[in-house]
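As the structure is a prediction and not an experimental result, all values here were calculated from the model.
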Amino acid sequence: MQEGEQENAKISGWALLAMALSVLIIAIDFTAFSVALPTIGEEFQAGINKTQWIINGYSLMFGVLIVTGGRLADRIGRRKTLIIGISIFTAFSVFASLTSSIVGLIVCRILMGVGGALMWPSILGIVFSIIPAHRAGLAGALVIGTAGFGNAMGPMFGGVLTDLLSWRWIFLINVPIAMIVFLFVYKVIENDKPIDKNEPIDYVGVLTLSIALMALLLALDFGIGLGWTDPFILSLFVIFFIAICAFFYIEYKVGQSALIPTDMVHNYPFMAAGVATLMMSAIFFAVLVYLPLFFSETMQYSAMRSGVGLLPVMLTFAVASFFAGALYEKLGAKLILSVGSTCLALGMFLLSSLTMHSSYASMLLGMFILGTGVGLFYATITTASLTSVPEHRASLAGGIIFMFQIAGGSIGLGFNTAIVTHFQQLSEGINMAFRLNGVLSILGLIICLFWIGGKKRLEKCQSKIN
């Protein structure tokens, strides 16, 4: 290897490390609060329908703005967008740690979602530009595998901090990590040139979609207490219907400037990947919230023990994510996605028979199978979607897929909460919600079987669009 090539490889290695740290800070923060919700609820005297917004508010803003983040990355450069995102994420982490009300905490989490939405598509675009195209499976596994590891560590990390210090330290610990990431990005990542400085951003589409999803989630939240026929709840559903119709109309009119541009709408392998992701996403969100809640309220686990209790799901998720990259290179997308979808459905159904007297050992098989499904599915669907579009669309494609994932997860969590709180016993509510999640995963499996091709078909699609 020539001296110049060695230097380039060294720089690429440091750049990938910077991206891995960026993924970790998002992934850990995403799951760390799942075990802290009961403690936060006690401190602020708020029920699960309110504390879920600590996860859902962050996720919703992340999901709605992530495509705009992809557009911004194309317009001003991925490195610059990533630096802006890190700065916003860190600033509101500090504010969140100082808040004295549940409303203030939720607002800070929503604004942290803005930072995350700017970071994620830039990270994906940078990683897929560093790693050669023929190793796309490795790139997808690196990002999702690292995210899986961070997600796995998050609950245990959050539980330890909540029990030994305070849940506020989950926010404060972001600061030194973010500073390290910022330094790496500033020093190692080259200042890339914008792909198109005149790339339009669909602000009206973002606004209408945000209004629609927020109205729907608020209706699901307040409908639990007010009743589904209350005029206020019915008004929220009407607002959702009007806003979502306006969103689709606006998207049709703006064409290539839409959140999902026309060329990507007509890319059927990509859209099939998006819809499959939408079907599956309620599962992971529901598991993050309701398994720790079951551990703490029914099994009387501490926050730290609840975090450890999630490890069978989270560690198998991380391990399966890394292996999915190598499997993709050999087997292609269809088979891996089908196996992953089947594991998701089976895991949900196995965990939908909880009772007040269920033992932790009786849940292990379901959690292992579920974690395997999450890892195989998300790593592969990300790679399949990004390799079905041209390289210059990688950031945008990553943003769109994540928008499907977060939107589906946020709405799914809202419906899960409405179902769970309808039952007197927590276990009964979880069982019903998990069964419905299992049905959704079967729908996702059908999409994978019929509309997402194997490796050869994706390579053919890639050659056509390039």
Side-chain angles (χ1 to χ4, degrees), residues 27 30-31 34 55-56 59-60 62-63 66 120 140-141 143-145 147-148 151 213 269-291 313-314 316-318 320-321 324 327-328 333-352 366-386 388 397-417 419 430 433-453:
F30 189 84
T31 59
S34 62
I55 292 177
N56 232 0
S59 303
L60 181 63
F62 199 143
I66 198 167
W120 188 257
V143 174
I144 304 301
N151 288 156
L213 293 180
F270 176 79
M271 289 306 296
V275 176
T277 301
L278 191 71
M279 293 290 101
M280 299 296 190
S281 295
I283 294 173
F284 190 52
F285 277 59
V287 167
L288 279 181
V289 172
Y290 286 108
L291 282 187
V313 175
M314 308 309 289
T316 49
F317 167 26
S321 296
L327 292 173
Y328 178 89
K334 184 188 289 288
L335 179 59
I336 304 171
L337 289 173
S338 299
V339 173
S341 302
T342 301
C343 288
L344 284 167
L346 182 58
M348 275 285 92
F349 286 123
L350 286 173
L351 290 172
S352 66
M367 288 194 286
F368 278 123
I369 292 175
L370 185 66
T372 302
V374 172
L376 291 177
F377 180 83
Y378 282 115
T380 306
I381 205 73
T382 300
T383 303
S385 60
L386 267 66
S388 67
I400 292 171
I401 288 298
F402 210 77
M403 181 179 72
F404 278 114
Q405 181 179 341
I406 297 298
S410 296
I411 295 170
L413 180 56
F415 276 106
N416 271 259
T417 300
I419 293 168
I430 291 175
F434 281 13
R435 286 178 196 133
L436 292 177
N437 292 339
V439 172
L440 285 177
S441 63
I442 291 174
L443 295 177
L445 171 61
I446 293 171
I447 293 171
C448 293
L449 287 172
F450 288 95
W451 286 284
I452 297 182

* Report the distance from atom OG of Ser441 to atom CG of Leu344, rounding to the nearest 0.5 Å. => 6.0 Å
* CG on Asn437 to CG on Asn416, rounded to 0.5 Å -> 4.5 Å
* To do: Ignoring hydrogens and angles, tell me if any N or O in the side chain of Thr380 forms a donor-acceptor pair with the backbone of Phe377 under 3.5 Å.
  => no
* Nearest-0.5 Å distance that lies between atom CG in Leu436 and atom CE in Met348 -> 11.0 Å
* For Leu350 and Ile369, which heavy atoms make the closest approach, and how far apart are they? -> CD1-CD1, 3.7 Å
* **Short side-chain donor-acceptor distance under 3.5 Å, Thr417 and Tyr290** => yes
* Any chance you could lay out the side-chain contact (heavy atoms from CB on, under 4.5 Å) test for Leu445 and Thr342, step after step, and finish with the verdict? => CA-CA 7 Å; Leu445 171 61; Thr342 301; 3.8 Å; yes
* Asked: Could you state the interatomic distance from CG (Leu337) to CD1 (Ile381), rounded to the nearest 0.5 Å?
  -> 4.5 Å
* To do: Walk me through it: do Met280 and Ser341 pass the test side-chain contact (heavy atoms from CB on, under 4.5 Å)?
  => CA-CA 8 Å; Met280 299 296 190; Ser341 302; 3.0 Å; yes
* Would you please indicate if the ring centroids of Phe317 and Phe284 are separated by under 6.0 Å? => yes
* Report yes or no: does Ser281 contribute a side-chain atom to a donor-acceptor pair with the main-chain N or O of Gln405 at less than 3.5 Å? => yes
* Quick one: does Arg435's side chain have a donor or acceptor within less than 3.5 Å of a partner on Phe349's backbone? -> no
* CG of Leu351 to CG of Leu370: how many Å apart, nearest 0.5 Å? -> 6.0 Å
